[in-house]
There are 2 protein chains.
Amino acid sequence: MNETTASSTQLLRQINSDALLRFALQEQVFTAGEAMAVTGLTRATVLGVCDGLVDAGWLEEVDDSQAVGRSLKGRPARRYQLREAAGVVVGLDAGESYFTTIVADLRGRELGTRRQSIDSHALGRSGRGACARELIRLTLHDVGRTLDDVLLTVVGVPAPIDANGRSPEGKFWQLMNSGFASHLQGMVVVENDANLAAVAERAHEPSANQATLLTGERFGAGLIVDGRLLRGPRGGAGEMRFLDTLTAGKFVPDEGGTDGFGALARKWARSRIHSYEGKTMLRQMPEGEIKAEDVFQAAREGDPFAEDIIARLGARLARIAVVLSSLLDIERVVIAGGISRAIEPVLEHARILLPTETGLPLPELIASRFGAEVVVKGAIESALTQIKAEPNAFLPRAARS
Amino acid sequence: MNETTASSTQLLRQINSDALLRFALQEQVFTAGEAMAVTGLTRATVLGVCDGLVDAGWLEEVDDSQAVGRSLKGRPARRYQLREAAGVVVGLDAGESYFTTIVADLRGRELGTRRQSIDSHALGRSGRGACARELIRLTLHDVGRTLDDVLLTVVGVPAPIDANGRSPEGKFWQLMNSGFASHLQGMVVVENDANLAAVAERAHEPSANQATLLTGERFGAGLIVDGRLLRGPRGGAGEMRFLDTLTAGKFVPDEGGTDGFGALARKWARSRIHSYEGKTMLRQMPEGEIKAEDVFQAAREGDPFAEDIIARLGARLARIAVVLSSLLDIERVVIAGGISRAIEPVLEHARILLPTETGLPLPELIASRFGAEVVVKGAIESALTQIKAEPNAFLPRAARS
DNA sequence: GTGGATTTATTTGGATCTTATATTTAGGTC
DNA sequence: GACCTAAATATAAGATCCAAATAAATCCAC
């Protein structure tokens with residue numbers, strides 16, 4: 001397959017080829033002249049490298065019949081573009097209760113997507129793996145591709161992931177990180193879901209220092225500092241179990257530490273509605289059926305009980321923001337996940353609570369625009385980033401016919 | 001001086017030259033054969049590159065009259081070593097009340113060191129700059145070098161430093177970050193002192209994730225995550241002002257946030273000795289003269305009042321350790337600076353307080369072995385790291401005669 | 001000492017890749 | 001069709017590395 005170590009003589013070609021391919025991954029179509037400007041190489045060299053990339057199946061020359069808007073003097077330039085059939089990337093959000101896939105081309109355009117509810121605990125590890133394989137196969141089929149077309153699959157799971165794709169011990173984590181590499185074809189990268197959300201946010205709004213909180217049912221944070229994603233030797237960067245520990249003023253095994261805002265809103269509502277003395281519309285429904293959405297909805301309608309819960313979430317968020325801002329110089333805190341659509345009132349509360357008198361720069365608190373698709377979009381983005389980082393480590397599908 | 005962008009043809013030579021130079025910076029003496037094994041290049045190539053490095057003034061061939069312990073068969077290998085006169089690096093700890101310098105050779109051997117008390121507030125910015133220049137000149141003179149021999153000077157200051165070496169607004173920070181680049185000769189890099197301490201600790205005990213707390217008078221932390229130093233766009237990574245904010249349960253402008261353990265021990269002792277009801281030997285001295293060392297000393301002798309302060313420091317440290325461990329997957333927390341010699345009792349208290357029942361991995365709490373010299377040692381280490389990262393960006397002093 | 005044996009240095013030729021400089025080519029314009 | 005222009009191609013030259021052959025330096029056995 002790929003030569004492990006190219007001879008030193010060919011290293012230069014490799015470097016130039018990578019650079020050109022990186023450029024190609026960004027542009028729609030490009031001419032040798034444009035590539036020359038970017039890479040600093042000679043025309044002859046660029047064309048030579050392009051030849052190689054066409055041979056390898058990465059690029060194709062585009063017939064310039066529709067040379068629209070080109071400068072009309074001189075010999076027309078040959079134009080290249082990424083070969084459509086070179087391959088696709090697959091993103092999979094392998095959550096606890098649903099899977100979401102996206103198949104995208106190498107320029108990041110979404111070709112197809114699917115979503116499916118699953119029961120992880122019934123399926124077990126191998127069941128999750130098989131289910132993932134089937135859902136990906138279906139999505140590929142939707143868009144007329146096969147598993148062989150996939151250059152890289154990135155899977156997001158709700159578990160800490162270390163640099164080798166492994167998770168710490170723990171039944172839930174081992175279930176979530178279901179050994180996808182053995183079930184899926186080709187190159188597979190497993191990543192923490194909140195980290196992928198952070199990658200999606202970074203792509204959408206580049207900022208060197210931002211935290212993305214994935215905080216629906218469970219709580220996870222993806223930290224990007226100095227433009228890089230933090231991981232930690234056990235994949236534990238971004239855990240926030242310290243929160244209750246600290247605020248309690250003493251070290252208690254926390255309860256809410258792993259709960260996301262959605263879960264907290266529900267739990268707080270159910271457990272406090274008895275002792276609450278005022279009026280609240282939430283009393284109209286059976287206690288066991290109150291959901292997070294009901295709380296947010298009630299708050300929007302001015303229900304004081306619900307508003308109190310919103311305020312508590314805001315206070316919690318403000319504490320997190322203060323810690324992140326102070327300790328890591330975080331500039332933006334993004335709330336992501338399905339809950340982001342309803343989170344604005346919480347953000348407003350939190351913004352009020354941020355301490356202004358300390359002279360410190362305040363972090364921006366915003367809601368993600370990706371909704372429930374953050375993780376899978378981040379998976380696509382992550383796949384593309386990895387391919388761009390080392391294009392020649394991936395073999396394009398179906399070299400020249 | 002240094003060509004900005006080498007022609008692409010010469011890039012390969014540059015890469016190989018860098019790799020070889022990196023190797024040379026680690027070894028005492030080396031033969032072409034050893035370099036071949038490391039770089040994977042041919043003998044002819046290695047010798048060619050070595051020729052170039054000798055010409056450039058980086059290497060010198062060592063006469064093998066004392067070929068001790070070499071394999072005794074065959075033609076003796078030519079042996080090279082880093083040229084002693086190629087240059088030195090300078091580290092400067094530019095603290096608030098004293099300066100410390102070290103001059104080291106390119107292999108990190110300490111050649112000379114000086115230390116001087118200063119009054120920063122009397123000197124002002126330019127006074128600090130001039131003082132630094134003079135102290136460095138003297139230290140170089142001690143070891144028979146001149147300012148021209150310096151390849152790189154790294155300066156540690158007690159202020160946040162962004163990627164461009166600048167500090168945020170603030171009288172104290174601007175005073176500390178005194179514009180050293182304009183006062184010193186050659187290439188100068190300014191860095192936060194705690195960050196340099198962290199670099200020193202990483203060099204001493206490599207660990208991908210560790211925090212180094214510089215906590216004598218002021219408080220600062222250097223965070224190393226995934227092997228890299230965290231900085232932040234404003235250089236604010238590692239600030240810990242959130243501590244009191246959080247523990248107070250509400251957002252109050254903190255008081256102790258910027259105080260180190262030394263300062264806290266002193267302040268707490270002075271402010272609480274009145275209300276303390278038991279016996280304590282610290283009452284024997286005037287309240288305004290109690291120093292941190294006195295508190296630590298009294299605690300060692302079993303004084304309950306002092307022990308209580310130690311315990312409070314331990315609780316504080318434990319909280320910090322829990323946050324760092326949880327949020328950044330930090331494995332080791334190192335207490336560095338002059339105070340590290342006396343800090344062990346605090347560490348013992350803190351270790352007891354770390355929550356064991358959560359199933360989380362506990363961070364190791366240890367005292368630095370570098371004492372008051374961490375920062376300046378880290379400066380040297382940082383300088384060498386930078387030179388190793390891009391050797392050819394530095395011109396060796398005095399090419400071949 | 002002299003002649004292997006051994007290891008390294010040096011030389012030589014060839015291959016790859018890049019650059020620089022013509023020369024040709026493909027379009028448009030007049 | 002002559003002319004213009006910018007790009008493609010062709011050619012020569014330079015840089016670098018590798019592989020193989022040759023030369024050198026040292027030890028050791030005799």
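Chain letters run A, B, ... following the sequence lines, proteins first and then strands; every chain starts at 1.
In this structure, CE of M36(B) is placed 13 Å from P of dT7(C), rounded to the nearest angstrom. One atom, CG of L47(A), and another, P of dA10(D), lie 11 Å apart when rounded to the nearest Å. Spacing between atom CG of D51(B) and atom P of dA9(C) amounts to 11 Å, rounded to whole angstrom units. One interatomic measurement links the two molecules: CZ of R78(B) to P of dT26(D), which rounds to 13 Å at whole-angstrom precision. Taking atom CZ on R43(B) and atom P on dA25(D), their separation rounds to 15 Å, with Å as the unit.
Classification of K377(B) and E201(B) as a salt-bridged pair fails, no side-chain N sitting under 4.0 Å from a carboxylate O. Ion pairing between E27(A) and R22(A) fails under the 4.0 Å rule for side-chain N and carboxylate O.
For E390(A), the side chain to side chain contact (heavy atoms under 4.5 Å, CB included) test picks out A393(A), with sequence neighbours left out. When the ring pair (Phe, Tyr, Trp, His ring centres under 6.0 Å) test is applied to H141(B), no partner is found at least two apart in sequence or on another chain. In terms of the side chain to side chain contact (heavy atoms under 4.5 Å, CB included) criterion, residue partners of D105(B) (sequence neighbours excluded) are, by chain and number, E84(B), R107(B), R109(B), L111(B). Listed by chain and number, the residues in a side chain to side chain contact (heavy atoms under 4.5 Å, CB included) with E381(A) are V199(A), A203(A), T385(A) (sequence neighbours excluded).
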If you restrict it to nitrogen or oxygen atoms, what contacts under 3.5 Å exist between nucleotides 22-30 of chain C and the protein, and what is each distance?
unit_1	atom_1	unit_2	atom_2	d
dT25(C)	O2	R75(A)	NH1	3.2

The contact string for nucleotides 15-20 of chain C, one letter per nucleotide 5' to 3', using protein heavy atoms under 4.0 Å with B, S and - for base, sugar-phosphate only and none, comes out as --SSB-
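Side chain of R202(B) to main chain of I224(B): no donor-acceptor pair is present (N/O by atom type, distance under 3.5 Å, no hydrogens or angles).
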Practice prompt. Dump the intermediate steps for side-chain hydrogen bond (donor to acceptor under 3.5 Å, both in side chains) on Q28(A) and Q81(A), then the final yes or no.
Written response: CA-CA 6 Å; Q28(A) 283 289 334; Q81(A) 68 181 9; over 6 Å; no
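In this structure, R79(B) does not reach the dT8(C) phosphate: none of its side-chain N or O atoms is under 4.0 Å from OP1 or OP2.
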